[in-house]
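Note sheet for the following structure.
All figures in this text were calculated on a predicted structure; none of them were measured in a lab. Every chain is numbered from 1 and lettered A, B, ... according to where its sequence line falls, protein lines coming before strand lines.
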Protein chains: 2
Amino acid sequence: MKIRVAKKPADAYQHGDLREALVDAGVKLLTEGGLDKLSLRGAAQLAGVSHAAPYRHYRDKDALVAAIAERGFRMLSASMRAELEASGARKTARKLVALGMGYVNFGTTHPAYLKLIFGGALSKQAGPPSLYEAGAEAYDMLRDVVAAGITSGELHQMDPEEMALACWSLVHGLSMLIIDNAIPKPETRERERGLIERLVVLLGRGIEND
Amino acid sequence: MKIRVAKKPADAYQHGDLREALVDAGVKLLTEGGLDKLSLRGAAQLAGVSHAAPYRHYRDKDALVAAIAERGFRMLSASMRAELEASGARKTARKLVALGMGYVNFGTTHPAYLKLIFGGALSKQAGPPSLYEAGAEAYDMLRDVVAAGITSGELHQMDPEEMALACWSLVHGLSMLIIDNAIPKPETRERERGLIERLVVLLGRGIEND
DNA sequence: CCTACCGATCGGTAGG
DNA sequence: CCTACCGATCGGTAGG
């Protein structure tokens, strides 16, 4: 009886976890080569299977993309939550700075992820409910902090959704401009932190003179 | 002597203006099908020439993309200037609202253009000087208004570049979020104007309560 | 400015 | 889960 010699690459999937292995492979393609390099065939190759194999686990490319996006959403909210907790902020304004920091840090560290989850590459059709849950997590954190700040009187009386949108737009725009080299990328992490902090604080206090 | 019968499509280029015709065709592909549909071959077909013809006028795809992007930059600054003039604003805060309106209007009306000029599709190499001039126009308008506002005392004493960046980030982020369907697109132009106005004013006055 | 050609990449399916 | 195949699209070049 012959002993089979493993022919698969070292990073090939093991046993029944091809589904997850394909997500890992897709993430690698995404982070190393950007959105353009994210393909089903490429992921299959990285996972060490034929390019037809993924269809056993994902209906089509969009389904794999949705799984990767879900991971991205969770990383985003984790980044925001980590900054919020690390800051130990008690005042709403400081909490908002922390959340913004978490957002921009995630965006500039994982540019392809940000473009994937917000870049319209997500087929607007269906997508599993878990994708939408993951997507709502980050926004909910922001909206809750804003709503609490309005209730406590720290922020202006105003539609919390709209105020949250202002914060979101600011940090999203900043992230995108940095990612796309529209503005010089801050040279160090410290400078980036300083920049984000000043911009978010600016939104807080307003740019007009009293 | 035979009379040649025109075989070209009605919208084919005329005489020596293929160079411009290719830009028009590229713009059409871009606006109708998004960035993905913008190809040299497609533009050539639309212009009624073979797919090898464009290389007589553009070194490669990046060169055509640069020409299209230049047009986009000029449309952006034209949109901002038009809003600024139409507003008749005298106070800095109102001028900033007008500029923001022009920016977001342009972005949501021409989403593919916005993604082209700021989406990193522009090869970071060279590109004609005219491209950079065009790109600087819009930013200069913003920075000048901000700088004048600081000088006049209407805005806080602060690095004008950084304050301009805050404004830019806000309207850029808002545009991108609308374009990418991350937030519901305002149903009417009026609602969109109202939203933009409230957000820019918010940046002006600050979201914190006094 | 054209025809004909290259090599590469894709998503997806047939049929096992 | 694999091999073999389709049709489509690209950017780019040779050679005229």
Side-chain angles (χ1 to χ4, degrees), chain A residues 4-9 11-26 28-30 32-68 112 116 121-123 125-126, chain B residues 4-9 11-26 28-30 32-69 112 116 121-123 125-127:
Chain A
R4 284 262 198 79
V5 179
K7 290 173 181 172
K8 315 271 165 119
D11 59 348
Y13 77 102
Q14 310 287 348
H15 308 72
D17 57 355
L18 176 56
R19 190 182 174 84
E20 268 303 298
L22 285 168
V23 174
D24 292 336
K28 187 165 184 180
L29 289 172
L30 183 69
E32 290 178 2
L35 253 175
D36 293 342
K37 299 300 179 192
L38 175 54
S39 70
L40 261 188
R41 295 171 95 100
Q45 192 180 22
L46 257 186
V49 296
S50 81
H51 70 258
Y55 291 93
R56 301 284 285 177
H57 298 273
Y58 296 98
R59 165 192 278 270
D60 54 20
K61 185 184 178 183
D62 286 344
L64 176 61
V65 167
I68 297 172
L116 175 65
L122 248 48
S123 86
Q125 320 299 1
Chain B
R4 284 264 196 76
V5 179
K7 289 173 182 170
K8 313 272 167 115
D11 60 347
Y13 76 103
Q14 310 288 347
H15 308 71
D17 57 356
L18 175 56
R19 190 180 174 84
E20 268 302 296
L22 286 168
V23 174
D24 292 337
K28 187 165 184 181
L29 290 172
L30 182 69
E32 292 179 1
L35 254 176
D36 293 341
K37 300 297 179 193
L38 175 54
S39 70
L40 260 188
R41 296 173 96 100
Q45 193 180 21
L46 255 187
V49 295
S50 81
H51 70 258
Y55 292 94
R56 300 286 285 177
H57 299 274
Y58 297 97
R59 163 192 281 267
D60 55 19
K61 185 184 178 183
D62 285 345
L64 176 62
V65 167
I68 296 173
L116 175 64
L122 249 47
S123 85
Q125 320 298 0

Listed by chain and number, what are the side-chain contact (heavy atoms from CB on, under 4.5 Å) partners of B:Ala69, not counting sequence neighbours?
B:Leu116, B:Ile117, B:Leu122, B:Leu131
List the atom of B:His51, the atom of B:Ala44, and the distance in Å for their closest heavy-atom pair.
CA-CB, 3.8 Å
Side chain to side chain contact (heavy atoms under 4.5 Å, CB included) test vs B:Val23 passes for just one of B:Leu64, B:Asp17, B:Leu18, namely B:Leu64
Check: protein-nucleotides 4-9 of chain D nitrogen or oxygen pairs below 3.5 Å:
unit_1	atom_1	unit_2	atom_2	d
D:dA4	N6	A:His51	NE2	3.2

Looking only at non-hydrogen atoms, find the nearest pair between B:Ser50 and B:Pro54 and report the distance.
O-CD, 3.4 Å
B:Asp36 atom CG is separated from D:dG11 atom P, nearest whole Å, by 12 Å
Nearest non-hydrogen partners of B:Tyr55 and B:Asp60, listed with the distance:
CE2-CA, 4.3 Å
With sequence neighbours excluded, what pairs up with B:Leu38 under the side-chain contact (heavy atoms from CB on, under 4.5 Å) test?
B:Leu30, B:Val65, B:Ile68
Value in whole Å for how far the C1' atom of D:dG11 lies from CG of B:Leu29
15 Å
Interatomic distance, A:Asp62 CG vs C:dC10 C1' [rounded to whole Å]
14 Å
Rounded to whole angstrom units, what separation is found between the NZ atom of B:Lys61 and the P atom of D:dG11?
5 Å
Partners passing side-chain contact (heavy atoms from CB on, under 4.5 Å) against B:Ala25 (at least two apart in sequence or in another chain)
B:Ala43, B:Leu46
If you only use heavy atoms from C-beta on, which nucleotide in D:dG12, C:dC1, D:dC1 is closest to the side chain of B:Arg56?
C:dC1
For DNA chain C, produce a single dot-bracket line, 5' to 3'. Pairs: Watson-Crick or G-U wobble, both distances under 3.5 Å. Symbols: ( ) within strand, [ ] crossing, | other strand, . unpaired.
||||||||||||||||
Length of the line joining B:Tyr58:OH and D:dC10:P, which is rounded to integer Å:
18 Å
Whole-Å distance separating the CG atom of B:Asp17 from the C1' atom of C:dC1:
14 Å
Counting only side-chain nitrogens and oxygens, does A:Tyr55 get under 4.0 Å of the OP1 or OP2 atom of C:dT13?
no
Calculate, to the nearest 0.5 Å, the distance between atoms CG and CD belonging to B:Leu29 and B:Gln45 respectively.
9.0 Å
How many Å lie between CG on A:Leu22 and C1' on D:dC1, as a whole number?
12 Å
As a test of reading the structure: which of D:dG12, C:dG12, C:dC1 is closest to the side chain of B:Leu18, going by heavy atoms?
C:dC1
Specify the separation, in whole Å, of atom CG of B:Asp60 and atom P of D:dG11.
10 Å
Sequence neighbours excluded, which residues qualify as side chain to side chain donor-acceptor pair (under 3.5 Å) partners of A:Asp24?
A:Arg71
